[in-house]
S.K.: 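This structure is in structure tokens; I'll ask about it shortly.
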Amino acid sequence: MAELTYLEAISDGLREEMRRDESVFCLGEDIGHFGGAFKVTDGFIEEFGADRVVVTPLAENAIIGTAVGAAVEGMRPVCEMQFADFIACGFDQLVNVAAKLHYRQGVAAPLVVRLPSGGGFSGGPFHSQNPEAWFLQSPGLKVVAPATADDAKGLLAAAIRDPNPVCYLEHKGLYRYVKGEVPEGEYVVELGKARVAREGEEMTVITYGSGVHLALDAAEALDESIEVIDLRSLCPLDTETILTSARKTGKVLVAHEATQSCGVGAEVAALVAAEAFEDLDAPVRRLTAADVPIPFSPPLEQAILPQLDDMKEACRELLAY
Amino acid sequence: MKPVDGVVVREPARDRRSHGVEREDVAFVADPGHLKKADRENLLRYMTMMRAAEERAITLYRQGKIPGSFYDGCGQEAISVGSSYVLGPKDRMCILHRDLGAHFVRGLTPDRYLANYMGRSGGPTGGKDGNMHFGDPELGCIGMVSMLPDMALVASGMAMAFKLRGEQRVAMTYFGDGSTANGQWHEAMNWAAVQKLPIVFILENNGFAYSTPNELEFVVDPIERAATYGFPGLLVDGNDVEAVFDASRAAADRARRGDGPTLIECRTMRMHGHGAHDDMRYVPTELREEWADRDPIERYADRLVAEHGFSADEVERIRDEVKTYVDECAKTALESPMPDPTEAHRGVFAEDITPLGDGEALWSHWSEG
């Protein structure tokens, strides 16, 4: 075990997979000697060479589209979007070509799209988004969003080994903020399994990514028996862990940094309402970003992204219901 | 849009990279010696098969047996047949909707094409996708999507895999004049040039993107743009199957040598509407008549007799055999059951990976090593 930041864990996971399997290669903008916008691939081109660390032109559809072609020909491409927001420029290849290929033709497209996502640092409307709901409306894509350093490594390895296109959302706010013990060498965390991040009896916060840390901090600060479920994987969704916790505590808050309408919170709330209705002691609540583009100026951004005080207040309200 | 004769080479004026790589020639030499009599028979056979299968499909469409719409490549048979004919077994294709002949050259049988159009379980997609949205993975083909320039990037990705693994293999794909106006086309041309990918891009300029003529799609003809991306363009008579073959052979050789992509623009005319619902009243009658005189199959049949030692009876026999075969295939397709509705829920995610298979390689060059 080594203590790594979330960012270092992503690099470590990618490097391990590239060492293990020659068919794994990465492609993206500025990922060569520059090491990528966030330095995830720092030192990669020196170790693996320019053939396996492919610096691409500014062309997101080309990144995803050529990854599909390489994947069907036996490679395991790992695409880097410089920011998750830029997947909008590669969306056609992702949702029309990659996502539907196996259903339409029985051809697997094992590729990973790494998506540096999330706000909180004045990135503004084009460098701060959490676009996971876009992908969840596109059958054929798997979607993961690690919250911890060891999951960052293990889920990336699982995503690379999966025979499907996987969107891997890495929250930029966690890159250097989160540290943890990470197993050395090969380490895989199975896709589709949520994790009980904190056990509790009175209510459940169901969340993922940056929301996990907000929920854990709130639970500690309130010193209440709050259970925190870290979904880790949004598709496939671990409905069993969600429902087990909802039935146990009877009160559910779904929290995420993405906008509210038709988001993961809506899906989880509908699931809990449909399957655990008899066990609920309160309506399912949501804590999310407001349904607005992410504004630039710090007071505006803080006003629309969920903050620790918002999480504490949402928990207090639900506990008191 | 004017037809061209034979093949016209457009070289990049110079390599525009700052590090000054010397320009490479496409080394295009028209050479009828690459084709033996059996090859010429095949070229006629597969063009005829494409037309016969599409005519059979139109009948099925009119009989209400084909749901949705119907799209064909009438008048463009020389392009998909002449180009795909150069490929070796391990080469790969992304085939589009005017290119049925390429599917047949790679080994697909017409019954599976017709079954796919009818939404039957015997089609390559088993009813999951319709019309020309298929490729047989067992023959090394990935099917198109409706966003027509997209496959230029997917094929580039296949070429990238060949390059990364140091394999002397080629990817080939098609697009129309309309696609060259789309950003993804640019992304593909630029990427393939930067990476020097082993790929052959075949543009079927049939004059109209649905109803929109060339002059509303672009100012600079795509063949001129190839040179500015940094690779050669070959302007070809798309209704001359041997010219298409020759240009494709030169381009595939160039790709296999590691010299990078080539754009081949095949000038042709779409002789039917965009789909069966389109009466193409926007195409002037005289233009249609001019191109009808250049029918690729009739021209080639005449040429086989005039220049290549075929008798008229021989040509007639080949064409009759193909039509009989297609009729038999139609019967097989009609016997194929509709898919079980529960199948709609299956296959969203892959459980494992089945590698693509190889296509047939009919060109005598491959059997002779």
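The chains referred to below are lettered A, B, ... by the order of the sequence lines, with proteins before strands, and numbering in each begins at 1. The figures that follow rest on heavy atoms only: side chains count, while hydrogens, waters and symmetry mates do not.
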S.K.: Quick one: side chain to side chain contact (heavy atoms under 4.5 Å, CB included) partners of B:I353, sequence neighbours excluded?
M.R.: A:R76, A:A108, A:P110, A:P163
S.K.: Using 4.0 Å as the upper bound for N to carboxylate O, is an ion pair formed by A:E47 and A:R52?
M.R.: no
S.K.: If you look at every heavy atom in B:L100 and B:S80, which pair is closest and at what distance?
M.R.: N-OG, 4.2 Å
S.K.: Considering only heavy atoms, which portion of B:H186 lies under 4.5 Å from any heavy atom of chain A: side chain, backbone, both, or neither?
M.R.: neither
S.K.: Between A:L101, A:V107, A:D92, A:N96, which has the largest tally of heavy atom pairs under 4.5 Å with chain B?
M.R.: A:D92
S.K.: Which region of B:A344, side chain (C-beta onward) or backbone (N, CA, C, O), has a non-hydrogen atom less than 4.5 Å from a non-hydrogen atom of chain A, or is it both or neither?
M.R.: both
S.K.: Under a 4.0 Å threshold between the charged nitrogen and the carboxylate oxygen, would B:D358 count as salt-bridged to B:K90?
M.R.: yes
S.K.: Would a line drawn from the ring center of A:F126 to the ring center of A:F83 be shorter than 6.0 Å?
M.R.: no
S.K.: Let me know if A:K100 has heavy atoms under 4.5 Å from chain B in its side chain, its backbone, both or neither.
M.R.: neither
S.K.: When heavy-atom pairs shorter than 4.5 Å are enumerated against chain A, which of B:A350, B:P124, B:C94 gives the highest number?
M.R.: B:A350
S.K.: Please state whether the side chain, the backbone, both or neither of B:F134 comes within less than 4.5 Å of a heavy atom of chain A.
M.R.: backbone
S.K.: When you measure from the centre of the six-membered ring of B:F218, is the NZ or CZ of B:R225 closer than 6.0 Å and no more than 45° off the axis?
M.R.: yes
S.K.: Cut-off 3.5 Å, side chains only: do A:D85 and A:Q129 have a donor facing an acceptor?
M.R.: yes
S.K.: Determine whether the aromatic ring centres of residues A:F25 and A:F44 are separated by less than 6.0 angstrom.
M.R.: no
S.K.: Less than 4.5 Å to any heavy atom of chain B: does that hold for the side chain of A:L58, its backbone, both, or neither?
M.R.: neither
S.K.: Should the heavy atoms of other residues, nucleotides or ligands under 6.0 Å from CD of B:E217 be counted, would the total exceed 12?
M.R.: yes
S.K.: Would you mind telling me which of B:P355, B:P137, B:G143 has the largest number of heavy-atom pairs within less than 4.5 Å of chain A?
M.R.: B:G143
S.K.: Does a salt bridge link B:R165 with A:E22, judged by any charged N lying under 4.0 Å from a carboxylate O?
M.R.: no
S.K.: Find the one option among A:L27, A:V72, A:V68 whose heavy-atom pairs under 4.5 Å with chain B are most numerous.
M.R.: A:V72
S.K.: Of the listed residues (B:T354, B:D352, B:L197), which shares the most heavy-atom pairs with chain A below a 4.5 Å separation?
M.R.: B:D352
S.K.: Tell me, side chain or backbone of A:S23 under 4.5 Å from chain B's heavy atoms, or both, or neither?
M.R.: neither
S.K.: Please determine whether a side-chain nitrogen of the Lys or Arg among B:D91 and B:R256 lies less than 4.0 Å from a carboxylate oxygen of the Asp or Glu.
M.R.: yes
S.K.: Classify the side-chain pair B:D129/A:Q105 by whether it contains a donor and acceptor separated by less than 3.5 Å.
M.R.: no
S.K.: Below 4.5 Å from any heavy atom of chain B, which atoms of A:N164 appear? Answer side chain, backbone, both or neither.
M.R.: side chain
S.K.: Would you please go through residues 144-162 of chain B and name the residues with a non-hydrogen atom below 4.5 Å from one of chain A, in numerical order?
M.R.: B:M144, B:V145, B:M147, B:D150, B:L153, B:V154, B:S156, B:G157, B:M158, B:M160, B:A161, B:F162
